[in-house]
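Scroll down for the structure; my scribbles are underneath it.
Bear in mind the structure is a predicted one, so any value in this text is a computation, not a measurement. Residue numbers count from 1 along this sequence.
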Amino acid sequence: MVRIRLPALQSALLACRNVYPHEFIGLFREKNGVLEELMLAPLAEYGRAHSSFSEIHLPLDPSLVATLHSHPNGVLLPSKQDVRFFSSRGKWHFISGYPYRLQDVACYDNKGKRVMIEVVP
Ligand SMILES: [Zn+2]
């Protein structure tokens with residue numbers, strides 16, 4: 001189970017809506033076991049088919065344990081490419097599907113196994 005603050009998740013969903021129909025990608029910072037805030041990846045590319053960011057532009061920050069990216073087609077399942085990405089960094093990986101409401105979010109661990117999300121106020 002992964003715990004995330006409501007405002008952090010809401011900012012991510014808003015960003016997903018803002019870049020639609022492109023894909024959004026961002027990171028979450030963890031504090032005391034809760035994902036507390038959204039961080040935008042510097043120089044991230046929000047593409048139509050997929051989005052990416054470059055590791056070398058990321059601060060060496062061990063609290064960045066989670067990512068979120070959007071699926072403009074609304075599918076909440078990770079692609080093969082996603083699962084490969086999940087295993088490369090971080091503990092938790094969110095996928096939000098269009099239309100990006102709170103219920104349009106799934107989370108996976110770094111092996112691609114779906115985990116429960118607890119949204120905390
Ligand atoms: Zn994806």
Side-chain angles (χ1 to χ4, degrees):
M1 171 136 86
V2 58
R3 304 179 78 206
I4 184 166
R5 293 266 174 227
L6 180 61
L9 186 55
Q10 280 172 330
S11 349
L13 292 172
L14 182 63
C16 291
R17 275 178 227 128
N18 286 342
V19 303
Y20 181 83
H22 291 260
E23 214 185 278
F24 170 78
I25 189 162
L27 300 130
F28 290 114
R29 180 168 282 137
E30 180 187 59
K31 211 172 136 190
N32 301 324
V34 182
L35 301 175
E36 292 280 355
E37 61 173 328
L38 174 71
M39 209 198 95
L40 300 181
L43 303 182
E45 287 176 38
Y46 306 136
R48 244 177 207 277
H50 86 290
S51 51
S52 62
F53 54 80
S54 167
E55 294 283 334
I56 57 168
H57 298 302
L58 283 181
L60 290 172
D61 184 342
S63 71
L64 294 172
V65 296
T67 69
L68 178 145
H69 76 278
S70 66
H71 280 178
N73 62 7
V75 175
L76 289 182
L77 293 170
S79 65
K80 277 193 188 133
Q81 194 185 16
D82 286 341
V83 176
R84 226 175 303 136
F85 167 70
F86 293 174
S87 65
S88 71
R89 67 164 295 131
K91 281 196 282 193
W92 313 113
H93 301 279
F94 292 81
I95 292 176
S96 63
Y98 182 83
Y100 310 127
R101 295 160 303 183
L102 279 176
Q103 65 264 39
D104 303 316
V105 180
C107 186
Y108 300 87
D109 66 13
N110 60 6
K111 293 184 181 67
K113 190 171 170 270
R114 192 160 177 173
V115 294
M116 292 273 291
I117 304 168
E118 188 192 347
V119 179
V120 291

### Query
Mind checking whether Phe86 and His93 have parallel, tilted or perpendicular rings, split at 30° and 60°?
parallel

### Task
Consider only side-chain heavy atoms of I, L, V, M, F, W and Y, link residues closer than 4.5 Å, and tell whether Leu9 and Val19 are in one cluster.
yes

#### Entry: Straight-line distance of Trp92 CH2 to Met1 CE, nearest 0.5 Å
10.0 Å

### Message
Quick check for you: to the nearest 0.5 Å, what is the distance between Met39 atom CE and Leu64 atom CG?
### Response
5.0 Å

### Task
Answer yes if Val2 and Leu6 sit in the same cluster of Ile, Leu, Val, Met, Phe, Trp and Tyr residues linked by side chain heavy atoms under 4.5 Å apart, and no otherwise.
yes

### Query
Can you tell if the side chain of Thr67 reaches within under 4.5 Å of the side chain of Phe28, non-hydrogen atoms only?
no

### Task
For residues His22 and Pro72, determine if any side-chain heavy atom of one lies less than 4.5 Å from a side-chain heavy atom of the other.
no

### Query
Do Phe94 and Ile4 have side chains that get closer than 4.5 Å, going by heavy atoms?
yes

### Closest non-hydrogen atom pair, Leu68 against Ala12
CD1-CB, 3.9 Å

Indicate every side-chain donor-acceptor pair of residues 99-108 with a distance under 3.5 Å to a residue at least two apart or in another chain.
from	atom 1	to	atom 2	distance (Å)
Arg101	NE	Asp104	OD2	2.8
Arg101	NH2	Asp104	OD1	3.1
Asp104	OD2	Tyr100	N	3.4
Asp104	OD2	Arg101	N	2.7
Tyr108	OH	Leu76	O	2.7

### Message
Hydrophobic clusters here meaning ILVMFWY residues chained together by side-chain heavy-atom distances under 4.5 Å, can you tell me if Leu27 and Val34 are in one?
### Response
no

### Message
For the CG atom of Leu40 and the OG atom of Ser11, what is their distance to the nearest 0.5 Å?
### Response
9.0 Å

### Task
Report yes if the side chains of Leu35 and Val65 come closer than 4.5 Å at any heavy-atom pair, otherwise no.
yes

### Task
Give every residue pair that meets the salt bridge (charged side-chain N to carboxylate O under 4.0 Å, His left out) criterion with at least one member in residues 1-18, sequence neighbours excluded.
Arg3-Glu118, Arg5-Glu36

### Task
Give a yes or no on whether the backbone of Phe24 and the side-chain of Ser70 come within a donor-acceptor separation of less than 3.5 Å.
yes

### Message
Side-chain heavy atoms nearer than 4.5 Å, only ILVMFWY residues, links allowed to pass through others: does that put Val75 and Ile25 together?
### Response
yes

### Query
Side-chain heavy atoms under 4.5 angstrom apart, residues restricted to Ile, Leu, Val, Met, Phe, Trp, Tyr: same cluster for Leu77 and Phe85?
yes

### Message
Filter on salt bridge (charged side-chain N to carboxylate O under 4.0 Å, His left out), then keep only pairs touching residues 64-87, sequence neighbours left out; what's left?
### Response
none

